[in-house]
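Just so you know, residue 1 is the first one in the sequence shown, and it goes up from there.
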Amino acid sequence: MSEDHYAYVDTGAVRIQQYLARTPTLRGRRAASHRLAEATSRPVIERVVDGLAEVNPEAGDADGVVSLRLPVPEGASGAGEWVEDRVRRVQDRVLAHLRQSLPAAEFQSVWGEGTSYLSVYATILRPRTRRGEVRYDLPATAEFPAASLCRGCRTDPAVEVQKVQDERLALCLDCAMRNVARTRTAVNPLTPEGWLREQLGLGGDDAVDNFSDLAALGAPAGGRKANHLATIAVDGNAFGVFFSALAQAAQADPGLREAKDQVSRDLASAAREALLYATLELPLTTEREQLCVVPHVVGGDDVVVTLPADQAWRFVRFYLRDFAQRVEKATAGVLPALTAWQEERGGPSPAPTVPTASAGVVFAHATHPIGLQVEAAGRCLSSAKGAFRGRLASVHWQDVTADGPDAPGHPPVELSVLDDGTGRPTAAASALDGLVRIPASHRTRLAEALRSGGPVTAAVQADRVGHLAAVRPFLPPLHRLEGHPPCGLDLGAALGMARWWPCA
C-alpha cells in the first residue's frame, strides 16, 4: 500500500453568498451561517463519514466546504472500482447530511487522486470544477404549485407555521431552519461572526438584530442620519497561478515539497487574520467596544462582510493591505525557488507573483435587499479584478443611493492610489481628506456641473465658491484637458467616494 496516495473528495455549497442572503433579514443570514458552520464542522463530518474517509488535514478552513481524503490501496489506484465505489459512498453520506441541514442550498462534489492535496486540487479538482465535471445536488422542486409561499423568502412553499418574534408565519423548510435566536447564532465560534467575537473578547449581547440597527452604529456626519450600509466582497488575485506552479514545482523540488503544506496553511489563515486586523482598526470597534462588522463568508481568500457605510473605506484599505503583507510573508520562502524553477523550464505565462486581493464595495440604504447588495458587490469585484487582470490589488465601488442600480460610471482604482502600504497618506487620500471638507450640497452641485459640462465647468463652479484648491488634484491639466489627474483619481470618482470617506 502506498501511504501517501489518496483519493481527495471536496463537497461544498455552490453560490453560498446568494444562499446566505436568500432571506432579507440579518437574523436569517446569521442562522444560515450558524447551521452551515455546524454542518461542515470536523466532529459532525467525522460522525457522518463514520470511518469511510478522514477529514483532509492538508486543506485549510473554508466556509461551506467539506474536504475529505481516503487512502488508496495498492492495485486500486486510478479509476478502479474500489476507489469509485468508496468515493460514491462518501459523497452519498455527505450530500444527504448537508441536504438535511440546509434544505434550500445547492451543493457539488468533485474528487481526484494523487500524492498531495495541493497538486490534486491544482491539476484535477479545480479543472474538473471549471468544466462542470462534478456531482450536483440541487434542492427539491415544489410538487404542489398551489401551496402558499413562504412568508420569509417568498420563494419556496410553506410547510409549517412558526413564531417569528411577535408574529406567527408560514415558513418553508429552509426559513424554518433559520428561525433561531440571535443570542445563539451570533456567538457560535464556528461561524465567521462568532469567531470574530471570540477573538475580540465580545459576547453576543451587543449583537444587532437587523440591518437597520447595524447601519445606525455609523457615526453621522453633518447631521446626516446613519442609515446606510456597505457590503464588501473580497477575493484573491493570482492564487490559482501561484498554487498551480507550486504544485508542479513541488513534485520535482524536495525543498518546495516540504514547504508547500505550510504555505498552504498560512495562506488559508491570511483572510481571517486580515479580517480581525481590519476590524480592530475601525473607529467604531474601539469607541463602542462593539462589533460593527458582520461577516457573511470567510472561505480561503473569499470574504464577504457588511458594515456601516462610513466605516467601509477604512476597512477596505486596512484589509487589503494587511492581507497582502501576510501573503507576502507566507510566500517569501518559496517564491524565489519557484521563480527559478520556472525560469529553468521556460515557465508558463504569466509567471507566479505574490498573490494579492481585490474588493468590490456597494453602498446602499439599510432597507435595500441584502441579496441585491451581495450581487452588486460581486459585480464590482469582478470589474476590479478584470481591470488589472487579477495582478494588482484594486477596488471598485457602487453607490446605489447616489448613482442608481446600474453599473458605476467610474473605473476601478488600484489600491496603491488610496494606500501604498507606507502608513503615510497617498496624494489621493490627502486630497480626499480635503474634498470631504467641502459641504455636501456643494459637492452635489460640482457633480452636476461635471456631468453636464465636464471638468472645465466643474472647475469654474468650484472656483466660484472658493473650492478650486480642494478640487484641483482630481482634474487633468486644464490647459489641454487630457492626461490623468495628478493624484491618480478623477473628480467624478472622488466625489462619489467622498460621500463615505470622512471616517477613513
Side-chain angles (χ1 to χ4, degrees), residues 5-17 40 53 55-70 72 78-79 83-84 87 90-91 94-95 106-137 233-252 256-257 260-261 263-271 297-303 327 330-331 334 338 341-342 347-358 378 381-382 385-386 389-391:
H5 193 87
Y6 295 94
Y8 295 93
V9 186
D10 279 2
T11 306
V14 182
R15 289 180 284 278
I16 186 174
Q17 299 167 15
T40 57
V55 175
N56 183 9
E58 303 172 55
D61 294 329
D63 286 353
V65 177
V66 175
S67 184
L68 302 169
R69 73 177 188 183
L70 52 114
V72 177
V83 178
E84 290 189 353
V87 168
V90 169
Q91 289 177 323
V94 174
L95 289 172
E106 301 176 34
F107 303 105
Q108 67 181 26
S109 185
V110 61
W111 72 281
E113 292 180 61
T115 57
S116 78
Y117 178 70
L118 184 60
S119 61
V120 170
Y121 180 82
T123 60
I124 301 177
L125 303 185
R126 187 183 178 109
R128 283 183 176 176
T129 300
R130 286 181 170 177
R131 294 192 300 266
E133 298 173 1
V134 300
R135 178 178 174 182
Y136 289 103
D137 188 273
V234 182
D235 189 36
N237 298 320
F239 272 77
V241 172
F242 176 83
F243 277 122
S244 179
L246 181 58
Q248 295 178 48
Q251 296 177 6
L256 287 176
R257 192 158 55 242
K260 67 179 175 58
D261 290 340
V263 171
S264 181
R265 286 191 293 269
D266 290 343
L267 293 180
S269 65
V297 174
V298 182
D301 56 343
D302 185 21
V303 173
V327 171
T331 58
V334 300
L338 184 58
W341 176 81
Q342 290 214 331
S349 180
T353 57
V354 177
T356 58
S358 293
L381 173 60
S382 296
K385 292 169 71 71
R389 298 184 179 181
R391 305 290 287 179

Could you give me the CA-CA distance, side-chain angles and deciding distance for Val297 and Val303, then say whether side chain to side chain contact (heavy atoms under 4.5 Å, CB included) is met?
CA-CA 5 Å; Val297 174; Val303 173; over 6 Å; no
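- When all heavy atoms of Ala53 and Leu68 are compared, the closest pair comes out as CB-CB, 4.2 Å.
- Distance CG/Asn56 to CG/Leu70: 10.5 Å, rounded to 0.5 Å.
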Test log, rule side chain to side chain contact (heavy atoms under 4.5 Å, CB included), inputs Trp111 and Arg69:
CA-CA 9 Å; Trp111 72 281; Arg69 73 177 188 183; over 6 Å; no
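- Summarising the geometry of Thr356 relative to Phe239, their closest heavy-atom pair is O-CE1, 3.4 Å, with the distance given to 0.1 Å.
- The main-chain N or O of Val241 is never found under 3.5 Å from a side-chain atom of Ser244 such that the two would form a donor-acceptor pair.
- Within 6.0 Å of atom CZ in Arg131, more than 12 heavy atoms from other residues, nucleotides or ligands are found, so the atom counts as buried in its surroundings.
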I'd like to know whether Gln108 forms a side chain to side chain contact (heavy atoms under 4.5 Å, CB included) with Arg135, so could you lay out the CA-CA distance, the side-chain angles of the two residues, the decisive distance to 0.1 Å, and finally the verdict.
CA-CA 5 Å; Gln108 67 181 26; Arg135 178 178 174 182; over 6 Å; no
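- In plain terms, the two heavy atoms of Leu381 and Ala233 that are nearest each other are CD1-O, 3.9 Å.
- Taking CD1 of Ile124 as the start and CG of Asp10 as the end, the distance is 11.5 Å to the nearest 0.5 Å.
- In plain terms, the two heavy atoms of Gly64 and Ile16 that are nearest each other are CA-CD1, 4.2 Å.
- By the ring-ring contact (aromatic ring centres under 6.0 Å, His included) test, Tyr8 pairs with Tyr6, Tyr117, sequence neighbours left out.
- No donor-acceptor pair under 3.5 Å is formed between the side chain of Ser119 and the backbone N or O of Thr115.
- Here Asp235 contributes atom CG and Lys385 contributes atom NZ; the two are 4.0 Å apart, rounded to the nearest 0.5 Å.
- Once rounded to the nearest 0.5 Å, the distance linking CD of Gln91 with CG of Asp137 reads 10.5 Å.
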Show the numbers, then the answer: is there a side chain to side chain contact (heavy atoms under 4.5 Å, CB included) between Leu267 and Phe242?
CA-CA 11 Å; Leu267 293 180; Phe242 176 83; 4.1 Å; yes
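- Between Asn237 and Gly390 the shortest heavy-atom distance is CB-O, 2.9 Å.
- Val134 and Arg128 get closest at one heavy-atom pair: CG1-O, 4.1 Å.
- Atom CG of residue Leu338 and atom OG1 of residue Thr331 lie 9.5 Å apart, to the nearest 0.5 angstrom.
- Between Leu118 atom CG and Phe243 atom CZ the span is 6.0 Å, to the nearest 0.5 Å.
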